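Working notes, structure below.
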Amino acid sequence: MSAAMQADHIFQLLDVEKVYRIDRGGWSRLRRESPRRLAALDGVRLTVQRGDSIALVGESGSGKSTLLRVLLGLTPASDGRALYRGEEIDALAGDRRRTFQRDVAMIYQDARASLNPRLKTLDLIAEPLRQHALCPPADMRDRVIGLLARVGMPADTVERYPSQLSGGQVRRVAIARALASEPKVIVADEAVSGLDVSTQAQLLNLLRGLQREMGLTLLFITHDLAVASYLCRRIAVMYLGRIVETGPTKDVLRRPLHPYTRALLNASPRFFAPIAETLAGEIPSPIDLPPGCRFASRCPRVAADCRAQEPPLVSQSAGREAACLHPLAG
Amino acid sequence: MVAHELTALRETSRRLPAPIRALAGLARGRPFFIVAALLSLAYLFAAIFAPWVAPYDPAYQDPEHLMSPPSALHWCGTDSFGQDLLSRVIYGTRYVLLIGFCSVAIGAIGGLAIGLAAGLLQGPVEWGLMRFIDAILALPSLIMAITFIAILGQGVENVIYAVGFALVGPFARTVRADVLQVRAQAFVEAAGLMGVSRARIIWRHILPNVIFPLGVQATVRLSEAILVSSGLSFLGLGVVPPTPDWGLMIAEGRAFISIVPWISGVPGAALAILLIALSIVGDGVRERFDPKLRTAR
Amino acid sequence: MTQQSARRPEVANPRVAAPSVVPLARRRDVVLSVSGLSLQRGGHSVLDRVGFELARGETVGLVGESGAGKSTIALVLMGLLRPPAVTLAGEVRFGDQDDLLALPERGWASLRGRRIAMIFQDPSSALNPCFTVGAQLTNPLRRLLGLDRGAARRRAIELLESAGLNDAEARLAAYPHELSGGMQQRVMIAIALACNPDLLLADEPTSALDVTIQAQIMQLILQQVRARDASCLFVLHDLALASQVCDRIVVLYAGQVVEAGPADAVLRQSLHPYTHALKSCVIELDTETLTPPPGGLPGLGDMPSGCRFAPRCPRATAECASRTPPLRPMQGRDVACWHPG
């Protein structure tokens, strides 16, 4: 792969694993039983190009939050390589690390918890400006007001504390702060869930507009397929620590290849459609998974060979990958 | 008409500075709090303006009225030296409040330093600090204070230090718990993601969120400090006579308690009332400002 | 409705002319009738003359955004929100109980669990973590139905199995935290329906669950309610979900009913501008653009006079800001708007 192509890969995950060893407790250590293995990420391969907007979709236990933490350098991967512009994220230091911190901005799921309640909005948004010395102190206030205007908030918000703002307003402030460092990548963890539909719609329009006009690379975690389809051009569906399908969002949602993707589609409520055939069973525990396809216990199309080997994520057609031995007819 | 006036009132009240609004908010709907706050302020007033408020000089001995009961001349009676009890109680307020505030300040600052260190560091240093705090907390504050007096000696200044050091333990524990909780919050992680240095995170994010609960704790511990210092004086280990300290006065009247109960009774009552008033004020402040206790509004 | 006015003095209630247009004779018996329900808390008006009806075997959805008052209504119907904490006005008739709002706590004890039951949004906090599933399930069976220990245990196992929990006998001894979210919600459904209540209140029963589990739980609720010929009142914020499970829909905005009627009519041919706005904010897989209404729900202290939606309504006129439109029947449902369509 040429250096030029490499530079276009913002993030690259190569067989990334994140394994936690869980003590069985009690006498297990004396009996020398091996600890149980919780693979939050179990061999993830993902490439994010510059300007991409990619949605990470999954339910609880899918590992999407862990994936985010690995990408941000908050947790080191147990195995495999996580690269930012060709360099190991864990190994970034000095100037390169500062560039990384400036270029990648995060919007948390709980926006209110991500803002220091003792600071005014002005100080909250000015913090990345100060940290990366992006503008002289005299201009800071104007810059913050400009950022707030970009997210649709009035200028007098600068004097308010987060406790004086509503849920939707707090999210906007968090977005404004993320934009302050002039990032190239925005990573958002369920940034619009738990909001009223009208606030959610407003924020989605805002994010989509910002991503398009600024050419940002967007990594968006969500459990809502419709939100993924509205906001992101690509989608990666995760199940129990692995990516099971990727491809262009509209394509994947119109003709899913992996049975789990189809199950997710069926489960999302649609106007006046009767509740479709539901997926049986519970989401299995990620601890000590049995061999074979991890979806086998719930898959309506499970066959004998599914339990024998784990299907790899392979390209099924142009731009579409699925980890299934018997993918749905496209 | 009334509605118009109410709106006007609301408008003007919105323009008042924040601390006054906060106090007014505290006082609303809490009659006991108002009474307690007024009482505490009365004590403070008496302490500051003692020379003008007290009818007699506290050291003035009236030989004609030894151990006399409350009368028009001496409102609270006199003690075995003929000193006016009311004046001594009023002057004693100065020492009580001085010792109380100063020792709480020492305890809070010391507790803040140790608690911050214990909450932020990891490894053997944290372990050592925690055992140190555990050791301090193993003993009741009065015993700890006595130990420090034994080292330092008696006198008002030493009582302040002794009670202050004894309070470091409880403060350190609450500060450490708060630091651990704040550290786990998303905004601390978010600051780290932005590249903010550790020192700056502590200064700008962790410390402000810990100072406030600390202040709330301080108002609560004030009564404890006063009680401990009075206890020290009662045991004869605190301030030295003829300082008009309430603990000392109670001790002086101990021998005569069955015949002239007011010598111990008057300072005892003054102490009890002050402690109750401070506890109620402390509770009110805690209810209003402690985020952990706040119910969903 | 006519029987009601014969028993009580005429109270002019301009907002609720007739909660439903379909003549009573054609509908099965009404289980719950709410009219003119107003709630004040802390000096603010949280609910304003809310009215709707629920017939036997019907599922009705209270739909709206957060802060509209939907959960408040459910809590009032369960007797969990009563004076002196709040000020209530209006009338709620349930079965043969003439006025639920005036019922003392003693009266509620025989209603709750036995004839009205509720399931909550977050099962992990609604189930008591100190007691086993079996204890929490047999409690209402023994207390309200008078079953002895053995009979209650057998019935509990039946209920858990019909709620879709396999290995039911082992689950009786489990504590709530040992179960997954979906299983906890099934337990809560089993507890709620243990005594075969006439009315089930479901407050966002699936919002806290994963998507694939949501569909299972919704199916379970519907199936269990229909098997008992009971009625169900859902509180939902998801319009699409409401369209899937509810026969009738009541749209709430800022404590007022703005549109109410059969789900088909309300959602397919909406008349109220807010219902249109809600629909336009629902994202579906093929949505290209979203046009949400500007602004947000008014705060409790800043309720506008007149129509509460007027500040955000594209069709608002001066009349809308000065006079609150009453709830009137129109085209097969009830609408509260001066310019419906």
Side-chain angles (χ1 to χ4, degrees), chain A residues 65 68-69 71-75 89 92-120 123-134 159 161-164 170 173-174 177-183 185-187 189-190, chain B residues 10 13-19 21-22 25-26 112 116 119-120 122 175 178-217 285 287-297:
Chain A
S65 297
L68 206 65
R69 296 181 72 79
L71 284 176
L72 290 167
L74 291 169
T75 322
I89 297 175
L92 286 171
D95 269 342
R96 292 208 135 86
R97 187 160 191 93
R98 271 190 283 276
T99 317
F100 175 73
Q101 285 161 343
R102 204 193 129 168
D103 286 346
V104 180
M106 163 101 154
I107 305 175
Y108 281 83
Q109 175 170 12
D110 189 351
R112 202 176 280 279
S114 73
L115 299 174
N116 187 338
R118 301 241 166 266
L119 290 180
K120 287 193 193 155
D123 298 313
L124 287 168
I125 299 181
E127 188 161 21
L129 293 173
R130 255 182 230 133
Q131 178 64 25
H132 301 292
L134 290 170
E159 294 300 320
Y161 288 91
S163 55
Q164 297 167 301
V170 160
V173 169
R177 182 177 70 174
L179 293 174
S181 66
E182 288 159 19
V185 183
I186 292 210
V187 173
D189 187 354
E190 300 268 16
Chain B
R10 218 178 291 152
S13 69
R14 237 172 253 175
R15 274 186 250 127
L16 288 172
R21 265 191 292 136
L26 246 178
L112 180 64
L116 262 181
L120 292 173
Q122 275 144 342
V175 166
D178 285 331
V179 167
L180 287 178
Q181 194 226 11
V182 170
R183 223 173 83 169
Q185 300 268 22
F187 63 84
V188 172
E189 190 182 82
L193 277 179
M194 275 187 254
V196 179
S197 71
R198 236 187 119 147
R200 215 178 139 73
I201 291 183
I202 296 174
W203 178 248
R204 248 176 107 69
H205 292 286
I206 298 186
L207 204 54
N209 282 291
V210 161
I211 290 270
F212 204 58
L214 183 65
V216 170
Q217 272 289 307
V285 168
E287 259 177 45
R288 178 77 166 73
F289 291 114
D290 190 348
K292 286 184 275 256
L293 279 184
R294 247 190 242 163
T295 46
R297 276 128 158 258

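So that the names make sense, note that chain A is the first sequence line, chain B the second, and so on, each numbered from 1. Computed from a predicted model, the values in this text were never measured in an experiment.
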Sort [X] into side chain, backbone, both or neither according to what part of it lies under 4.5 angstrom from a heavy atom of chain B.
X: A:Arg97; result: neither
X: A:Leu72; result: both
X: A:Leu119; result: side chain
X: A:Arg102; result: neither

Name the region of B:Arg200, side chain, backbone, both or neither, that has any atom closer than 4.5 Å to a heavy atom of chain A.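 Side chain only.
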
Under 3.5 Å: donor-acceptor pair, side chain of [X], backbone of [Y]:
X: A:Arg112; Y: A:Val170; value: no
X: A:His132; Y: B:Met194; value: yes
X: B:Glu189; Y: B:Ala186; value: no

Who among A:Gly73, A:Pro128, A:Ser114 has the most heavy-atom pairs with chain B under 4.5 Å? A:Ser114

Gap separating the CD atom of A:Gln131 from the OG atom of B:Ser197, nearest 0.5 angstrom: 6.5 Å

Could you tell me the separation between the CD1 atom of B:Ile201 and the CD atom of A:Glu127, rounded to the nearest 0.5 Å? 8.0 Å

Counting heavy-atom pairs closer than 4.5 Å to chain A, which one of B:Val196, B:Val188, B:Val182 comes out on top? B:Val196

Lys/Arg N to Asp/Glu carboxylate O, A:Arg98 vs A:Asp95, below 4.0 Å: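 Judged by the 4.0 Å cut-off on N to carboxylate O distance, A:Arg98 and A:Asp95 do form a salt bridge.
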
